[in-house]
Amino acid sequence: MREYYPLLIAGGIIGTVSVVFLIAYAMIRNKKEALGFDRTMKDGEIVRRLLVYAKPYRKNFLFVGFCMLFSIAYDILSPLLVGYIEGMVKNSFPLSRLFVAVGGYAGILIVSLVSSYIQAIVLQRTGQRILSALREDLFRHIESLSHAQLNVIPVGKLVTRVTNDTNAISMMFTNILVNLIKNCFVILGVLVAMLCLNYELTLMILCFVPFIVLFTVIFRKFSRRAYRKVKDGTTDINTFLSENLSGMKITQIFNREERKMREFSERNKKLASAKQQQILVFGIFRPLVYMLYITSVLCLLYLGGKGYIDDVSFLGQTLTSEVIVTFYMYISKFFNPIQSLAEQFNWLQSAFASAEKIFTIFDMKPEVVDAEDAIELNEVKGEIEFRDVWFSYVPGEWVLKGVSFHVNAGDTVAFVGSTGSGKTTILSLICRNYDIQKGEILIDGIEIRKIKISSLRKHFGQMLQDVFLFSGTIRSNIVLREEFSDEEILRVCDYVNASSFIRKLENGLDEPVRERGNNFSAGQRQLLSFARTILHKPSVMILDEATANIDTETEVLIQDSLEKMMNIGTMLIVAHRLSTIRGADNIIVLSHGKIVEQGSHRELLEQKGKYYRLYTLQSHKERLQGA
């Protein structure tokens, strides 16, 4: 009995470790919902949707599967060849047999390496193409979302979806799936080879399988939680950076650097803690599997050595030195894939979690879409009509309440009112950035929901108070990917007075534009937005407080540009300075979502109503400032 004490000790150690992990597993099992790492989308649905992107490359994957057969063959045959060489060299043998055996081993090794290299190259290229297609579709879908939908999704979260989460899916196609399949076949092939070689030793090794399965199941629970925490922490960091880097000037103005640093530090520590938990999980799992591997090797050497020395056979199987050597190699090739399977399965779950987040974005149905019978609008005269329009951003909180007005083609109409009266909302509704809840909006007598969105917006030019310029050049920001000659661009810049500063720049139209155009003044950015709008020849122009916060010198240029643009087509203006809209054909005064007055500048002054009070108050302030 004493001769089996080493085996009993090994079994006792493994059993104790198993009990400890079972207790840990039971403690977190009921906290699953609180930890928030379970997915709601089924794996089958995720796989089905991902296969849509993989389907065009099925020939590539079939070729990879063919190459994989050679590396599987090497894993199964190489231990047999080494065992054969061991059995041959312990007795007298012709040298030619050794050369043949070593050459055979080298041959299958070279074929395996070459096939693995080709497999990796094909998979990486295929994975990058799938990744590019997925990213393009995701970005295109984000572009189709309405303003209301984009307002509720943090920019950092969208950036994470397009970058980090798509990378996880790319890894699934380039590495995880193929290795999962390969490891399954290797385990199966090695097991069959061991059974054919020696029952006794194979049964001994199979005694460790239940413990491997147990550790793997427990590892999955802990690792899935760790993966989800890392992903959530990464998303949180990206969201924080996206918002705070854009608002860094405000942080500096109000001297809030230390506070923002503390907030960032908290998020950074949270992500670091999640990363450490992930490392800890793998740091425990890998040594456990390695412990099982070493224990199985020790048992192999103990049973094999004892059987070989005592000339013991079991179930008709004789233990020889070549059998022991072959099994020693097979144990490594049996345990390594099992360990890899557990980790790859969790990477697969991580990829599925990323895919679910991406498909959650895909599943957001655009709120503003074309009607089935929507028409293409080739020409717009500029006649606009609101008929009893009601609109709210939040259900029940009406921003517009039964608004009705008519704009003749070619007229200049200004909207005046206090903050929150609905001025900017009206302009957004005309471009169909949002859909109204009640009433009708007509363009040239056609209800805008019966016009294709792209066709509708093509005829509108919007100039906002906060001008957004993209990184690039002045030219790229004016043309926005359309093809225009330098002569056309400069003619438009002259028309809106933008050439007054463009010609002074060293590179002219090719002058670099930094992020959000922060190397230009607010007035210069506004003039560039005018040029951009006029170049695309809109039928209706929209100005949303375009002259607010502009210096006096630039305002003169902008005012001159506005007077010129009034002759191009219909113009809708939200005015901050009432002195800039005196020439408007119609001025609509709004209060709490309703129209309270409308008429020309002179007519409204004669009525001595709300517009008169606003104009008088503003004129008085301007006189005081001038004094």
Side-chain angles (χ1 to χ4, degrees), residues 375-389 391 400 403-417 422-434 436 439-465 467 492 495-496 526-527 529-547 558-578 580-590 595 597-604 611:
I375 63 172
E376 192 78 28
L377 206 60
N378 297 320
E379 183 181 359
V380 169
K381 296 177 182 178
E383 181 184 357
I384 301 169
E385 184 177 2
F386 271 49
R387 293 180 180 173
D388 191 29
V389 171
F391 175 77
L400 297 181
V403 171
S404 298
F405 62 85
H406 184 271
V407 178
N408 295 318
D411 277 1
T412 296
V413 177
F415 297 90
V416 175
K423 307 184 300 296
T424 301
T425 298
I426 288 176
L427 303 186
S428 293
L429 295 178
I430 293 173
C431 297
R432 211 181 164 203
N433 296 331
Y434 302 87
I436 60 176
E440 287 183 313
I441 301 176
L442 294 88
I443 304 293
D444 291 349
I446 305 172
E447 219 283 327
I448 62 171
R449 282 174 287 198
K450 295 181 180 179
I451 304 172
K452 290 185 178 179
I453 297 173
S454 59
S455 174
L456 176 70
R457 293 174 181 169
K458 181 174 64 176
H459 297 286
F460 284 84
Q462 298 189 60
M463 293 158 280
L464 308 178
Q465 177 182 351
V467 178
V492 168
Y495 187 79
V496 299
Q526 194 61 265
L527 291 173
S529 78
F530 286 178
R532 177 165 62 194
T533 302
I534 300 301
L535 183 64
H536 290 83
K537 300 177 181 178
S539 302
V540 179
M541 287 175 289
I542 294 174
L543 284 83
D544 189 355
E545 299 196 19
T547 59
I558 290 178
Q559 188 63 36
D560 181 63
S561 301
L562 289 175
E563 292 176 1
K564 292 178 181 177
M565 289 189 288
M566 286 179 183
N567 300 319
I568 295 177
T570 304
M571 180 175 286
L572 307 176
I573 305 174
V574 168
H576 175 73
R577 299 182 183 180
L578 301 183
T580 63
I581 60 170
R582 286 178 293 187
D585 298 297
N586 189 24
I587 299 173
I588 297 175
V589 184
L590 294 159
I595 296 177
E597 295 174 358
Q598 63 176 311
S600 67
H601 173 71
R602 177 174 294 180
E603 290 170 347
L604 291 175
Y611 179 81

Taking the side chain as every heavy atom from C-beta outward, state whether [X] and [Y] have any atom pair closer than 4.5 Å.
| X | Y | value |
| --- | --- | --- |
| Val380 | Ile443 | yes |
| Asn586 | Gln598 | yes |
| Ile375 | Ile446 | yes |
| Ile595 | Leu590 | yes |
| Phe391 | Ile426 | no |
| Glu597 | Ile587 | no |
| Val540 | Val407 | no |

Rounded at 0.5 Å granularity, tell me how far [atom1] in [X] sits from [atom2] in [Y].
| X | Y | atom1 | atom2 | answer |
| --- | --- | --- | --- | --- |
| Leu442 | His406 | CG | NE2 | 9.0 Å |
| Leu543 | Thr533 | CG | OG1 | 7.5 Å |
| Phe460 | Asn433 | CZ | CG | 10.0 Å |
| Ile451 | Leu377 | CD1 | CG | 4.5 Å |
| Ile573 | Ile588 | CD1 | CD1 | 12.0 Å |

Do any N or O atoms from the side chain of [X] and from the backbone of [Y] form a donor-acceptor pair under 3.5 angstrom?
| X | Y | value |
| --- | --- | --- |
| Asp444 | Glu383 | yes |
| Lys423 | Gly417 | yes |
| Ser404 | Asp388 | yes |

Can you name the nearest heavy-atom pair linking [X] to [Y], along with the distance?
| X | Y | answer |
| --- | --- | --- |
| Asp411 | Asp585 | CA-OD2, 3.3 Å |
| Pro538 | Gly461 | CB-N, 3.4 Å |
| Lys381 | Thr570 | O-OG1, 4.0 Å |
| Ile430 | Ile448 | O-CD1, 4.4 Å |
| Glu447 | Arg449 | OE1-N, 2.8 Å |

side-chain hydrogen bond (donor to acceptor under 3.5 Å, both in side chains) partners for Thr424, two or more places apart: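 So Thr424 forms a side-chain hydrogen bond (donor to acceptor under 3.5 Å, both in side chains) with Asp544.
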
All pairs passing side chain to side chain donor-acceptor pair (under 3.5 Å) where residues 451-461 contributes a residue, at least two apart: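 Of all non-adjacent pairs touching residues 451-461, none passes side chain to side chain donor-acceptor pair (under 3.5 Å).
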
Parallel, tilted or perpendicular: rings of Phe386 and Phe405 (30°, 60°):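 Answer is parallel, since the angle falls under 30°.
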
